[in-house]
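Each chain gets a letter, A, B and so on, in the order the sequences are listed, and its residues count up from 1. On a predicted model such as this, the values are computed, not experimentally measured, just so you know.
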Amino acid sequence: MAKFYITTPIFYVNDKPHVGHAYTVIVADVLARYHRMRGDEVFYLTGTDEHGVKIQEIAEKQGKQPKELADGISAKFRLAWDTLNISNDGFMRTTDAHHEDAVRYALSEMYKQEWIYKGSYEALYCVGCEQYKMKSELVEGKCTDHNREPEVHSEEAYLFKLSHFAPEILKRIKSEKIKILPVTRHNEMVSFLELEGLNDIAISRRKEKVAWGIELPFDPNHTTYVWVDAFLNYITGLGWPKDKTRMEKFWPANVQLMSKDILRVHATIWQAILLALGLETSQTLFIHGFFTVDGQKMSKSLGNVVDPMEIAQTYGADVLRYHLMREISFGSDGDFSLRRLEERHESDLANGIGNLVARVLGMAEKYTGGKVPEITASVFSNVWDAYGSHFEKFQPDQALSAVWGFITDVDKFIDTEQPWVLAKTDTERLNFDLYILLESLRHLGRLVWPFMPSTAEKIFTQLGLPDELKVGYDEGKKWGGLQPGTRVTKGEGLFPRLIPNP
RNA sequence: CGCGGGGUAGAGCAGCCUGGCAGCUCGCCUGGCUCAUAACCAGGAGGUCGCCGGUUCAAAUCCGGCCCCCGCAACCA
């Protein structure tokens, strides 16, 4: 039995989840469920990143302790993922005690081996604000509030010997030992490393500056900065360093999903930390794009941030899952639009899968009293081959396309066979066709399960197959799994139209 | 010369890596069917694949140049 370990980034708890977070988590969920369906032993990890000066500041503004703030937002993420039916096996919080212990352990180890050394860090201090600034907060090198260049303060810090690992990392990326997908991202990283290389980076801040963080075990005046803390979740989530069996079974991760903005740090700093700790590097980094909303950048100031909870509550989790997986070509940027979501709901879900299921079960009730006929037969080309190969190539959107092609084939079959005529003229052929149709719905349920788990379960219920998910992958994709005599019932429509036609 | 993505039918997108009849969804037109959530099926109209040049028997696809749009600029998925 193969293992499959998949991770999403851990999300920063400065605000509640938005549709971009949801997208990453849904993609990971679809891949995780697909591998579970195949019978692989799966571990799916997500979580929240909770330390740092920003959290400290937001908490102060709200008159809260940082931990209190983090608890609240972290809970919102978990609730959102429950609502979206995300099947993660672990949820890491960087404030979990065993994570903090592990981070201290990692820091000590790296310090002992001199991968971490004392040096200095150049901080930018704006006298006007009386605050340190990030490079990203400056416009043309100036503080936006005071229109002046910040002073450069040199500050004691601990540095990580990232530069040492650059050649090895480049080698591994080139040889695809660390595989970066899609190809354009691989090329991007290779040229970045070849042209610019890597400098050592500061991994600590003075405690008076960033109090909300994990103290360095070898210097209580410093807390560790985001890198060591956040990245380690990918292995502390497996119980590292204590739980050796789980670590040995699942590490290295088969797929680490992320969006393009954090590729660089994952392909460099994170891999270097692993090397420094004597661990295997990641197998695959899969990079997806960003969303715009109705063609515009999603931002708080524009007020167009999409809340996945609202969408799920209005339309249903499966509708959002389907839409995101189908609409966005996996790996590239995409646009999120409610109008498109509603369009897809009507055409693909209501008219497509919803109508087909109702159509077939309606006929079964009408013509055979809801009993699966005694005849078994197959006519459709094997949709499973295309489906599986798309998944192997990390193209879940293509896999979905193949499933919808299958739906069209079944609709076509009904039109060609005209069961409503056969009902009057040829009972044997009618039964033959009905078996094919009902069995097709069983396959449809299985195909759709990784994407839309609730919908799949509804289909199985209507087909009288409560235990269908317990059937193994190879067994389940064979034709003829539906037993003659099974009692089927046309239940509630899967996706009632939002706008009934006149 | 900072990095990257994009410009393909009225709208939204795929195809480009690995050249070989330009494809999908929505919308529109015509026809069929009546089992189904007025759903389904067939046929059709609609595109100088941003512009210019090159390579090639053959270019949306490869190469060079230009124009326009959009992100990012080592913690916003």
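Checked against B/C17, B/C26, B/C41, the side chain of A/E343 finds its nearest nucleotide in B/C26. Among the nucleotides B/A36, B/U34, B/C40, the one closest to the side chain of A/K490 is B/A36.
Between A/R205 and A/E492, the residue anchored closer to the 5' end of RNA chain B is A/E492, taking for each the nucleotide with the nearest heavy atom. Of the two residues near RNA chain B, A/G354 and A/I262, the one whose nearest nucleotide lies more 5' is A/G354.
For the pair A/F495 CZ and B/A38 C1', the computed distance is 20 Å after rounding to whole Å. Taking atom CG of A/L193 as the reference point, atom P of B/A74 lies 17 Å away to the nearest angstrom. B/C75 atom C1' lies 14 Å from atom NZ of A/K209, rounded to whole Å. Rounded to an integer number of Å, the gap from CZ of A/R339 to C1' of B/G27 is 10 Å. The nearest whole Å value for the distance from the CE atom in A/M363 to the C1' atom in B/C33 is 12 Å.
Spacing between B/C40 and B/G46 at atom P, rounded to whole Å, works out to 25 Å. Spacing of P atoms, B/C49 relative to B/C62, comes out at 15 Å, to the nearest Å.
Looking at A/Y23, its side chain never comes within 3.5 Å of a backbone N or O of A/G289 through a donor-acceptor pair.
Here the rule is side chain to side chain contact (heavy atoms under 4.5 Å, CB included) with A/Q462, and of A/L438, A/V360, A/V357, A/V488 only A/V357 fits it.
Classified by interplanar angle (parallel below 30°, tilted 30° to 60°, perpendicular above 60°), the ring pair A/F391/A/F451 is tilted.
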For this session: Let me have RNA chain B in dot-bracket notation, would you? Count Watson-Crick plus G-U wobble pairs, both distances under 3.5 Å, and use [ ] for pairs crossing earlier ones and | for inter-strand partners.
Result: .(((((((.[[[[.)....(..]]]].(((((.......))))).....[[[[[..)....]]]]])))))).....
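With ring centers used as reference points, A/H345 lies 6.0 Å or more from A/Y322.
Here A/R205 does not pair with A/D229 in a salt bridge; the nearest charged N to carboxylate O distance is not below 4.0 Å.
Here A/R185 lies in heavy-atom contact (under 4.0 Å) with sugar-phosphate atoms only.
Side chains of A/L275 and A/H164 form no contact here, defined as non-hydrogen atoms less than 4.5 Å apart.
To the nearest 0.5 Å, atom CZ of residue A/F91 and atom CZ of residue A/F77 are 7.5 Å apart.
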